[in-house]
Amino acid sequence: MYNQKVLEAFAHPQNVGEIENPDGDGTVGNATCGDIMRITLRIVDDVIVDAKFQTFGCAAAIATSSTATQMVIGMTVDEALKLTNARVVEELEGLPPQKIHCSVLAEEAIKKAIENYRAKKANKPVDNGPIEYV
Ligand code: FES
């Protein structure tokens, strides 16, 4: 079902965990299956210098979280906002069609973490409401 690259990312995920006192913090849920992903970011001068994830989800969700966090480290927040799930899937050389929805979590969690970063920076109320299902 999964290609070698996805299996490798699932078996040896990178950037697992959480950043203490993160600059950006985003949690989203997958409306299709109920799985949840949290991404925390360390951001210096609008550049993502570290990213970590916690995913309660399937192999595709874990592989895409690992790959997406690796991809955004070194990007500016504007660049990271343009990262799509399709680009992450391409980096993994494909996912089975029925698992594409799993890759949306990483894209949305990164967006939510950046929104959270921008809200904190602008001293706006930070969204600590219920998990948003995408
Ligand atoms: Fe839930 Fe993959 S089945 S994220």
Side-chain angles (χ1 to χ4, degrees):
M1 181 178 183
Y2 293 118
N3 70 37
Q4 205 48 46
K5 207 159 177 183
V6 175
L7 290 174
E8 178 60 26
F10 170 62
H12 305 287
Q14 305 296 303
N15 305 316
V16 176
E18 101 188 91
I19 293 172
E20 243 181 83
N21 301 316
D23 299 299
D25 190 343
T27 302
V28 292
N30 189 319
T32 311
C33 61
D35 291 347
I36 291 171
M37 182 186 299
R38 178 180 181 218
I39 287 190
T40 50
L41 302 173
R42 175 70 61 231
I43 301 171
V44 177
D45 294 335
D46 276 358
V47 175
I48 297 171
V49 296
D50 199 8
K52 296 218 178 292
F53 77 91
Q54 295 167 302
T55 294
F56 304 93
C58 69
I62 289 167
T64 50
S65 321
S66 170
T67 302
T69 52
Q70 287 176 286
M71 290 172 85
V72 295
I73 293 173
M75 284 185 182
T76 64
V77 289
D78 285 335
E79 287 166 343
L81 282 172
K82 290 184 198 140
L83 183 69
T84 61
N85 70 308
R87 182 65 196 90
V88 176
V89 171
E90 189 185 302
E91 188 70 18
L92 281 165
E93 296 169 7
L95 279 176
Q98 69 272 29
K99 303 302 283 181
I100 294 291
H101 74 93
C102 311
S103 65
V104 176
L105 275 179
E107 177 188 326
E108 294 300 326
I110 288 167
K111 284 190 174 135
K112 199 153 182 208
I114 292 172
E115 249 173 56
N116 173 265
Y117 161 70
R118 287 190 162 158
K120 281 185 200 166
K121 212 175 140 186
N123 281 323
K124 287 191 184 150
V126 174
D127 174 16
N128 283 323
I131 295 168
E132 211 172 286
Y133 282 83
V134 295

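Numbers here simply count residues along the sequence, with the first being 1.
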In Å and rounded to the nearest 0.5 Å, what is the [atom1] to [atom2] distance from [X] to [Y]?
| X | Y | atom1 | atom2 | answer |
| --- | --- | --- | --- | --- |
| Glu115 | Glu108 | CD | CD | 9.0 Å |
| Ile39 | Ile110 | CD1 | CD1 | 4.5 Å |
| His12 | Leu7 | NE2 | CG | 10.0 Å |
| Leu92 | Asn3 | CG | CG | 7.0 Å |
| Phe53 | Gln70 | CZ | CD | 9.0 Å |
| Gln14 | Ser65 | CD | OG | 12.5 Å |

For this session: Go through the structure and list residues passing side-chain hydrogen bond (donor to acceptor under 3.5 Å, both in side chains) with Arg38, not counting sequence neighbours.
Result: Glu18, Asp25, Gln54
Check side chain to side chain contact (heavy atoms under 4.5 Å, CB included) between [X] and all other residues, then give those that pass, not counting sequence neighbours.
| X | answer |
| --- | --- |
| Ile100 | Asn85, Val89, Leu95, Ser103 |
| Asp78 | Thr76, Leu81, Arg118 |
| Gln98 | Met1, Pro96 |
| Asn30 | Thr32, Cys33, His101, Leu105 |

Minimal non-hydrogen separation, [X] against [Y], with atom names:
| X | Y | value |
| --- | --- | --- |
| Ile48 | Ile43 | CG1-CG1, 4.1 Å |
| Gly17 | Lys52 | O-CB, 3.3 Å |
| Lys121 | Asp46 | NZ-OD1, 3.1 Å |

Exercise. Does a salt bridge link Glu91 with Arg87, judged by any charged N lying under 4.0 Å from a carboxylate O?
Worked result: yes
Exercise. Should the pair Glu107-Lys111 be classified as a salt bridge under the 4.0 Å nitrogen-to-oxygen rule?
Worked result: yes
Seminar exercise, completed: Contacts of Glu20 meeting salt bridge (charged side-chain N to carboxylate O under 4.0 Å, His left out) (sequence neighbours excluded), chain-then-number -> none
Exercise. Is there side-chain contact between Asp23 and Lys120, with heavy atoms separated by less than 4.5 Å?
Worked result: no
Exercise. Are the side chains of Tyr117 and Leu41 in touch, meaning some heavy atoms are under 4.5 Å apart?
Worked result: no
Seminar exercise, completed: From the list Thr67, Val6, Thr55, side-chain contact (heavy atoms from CB on, under 4.5 Å) with Ile62 holds only for Thr55
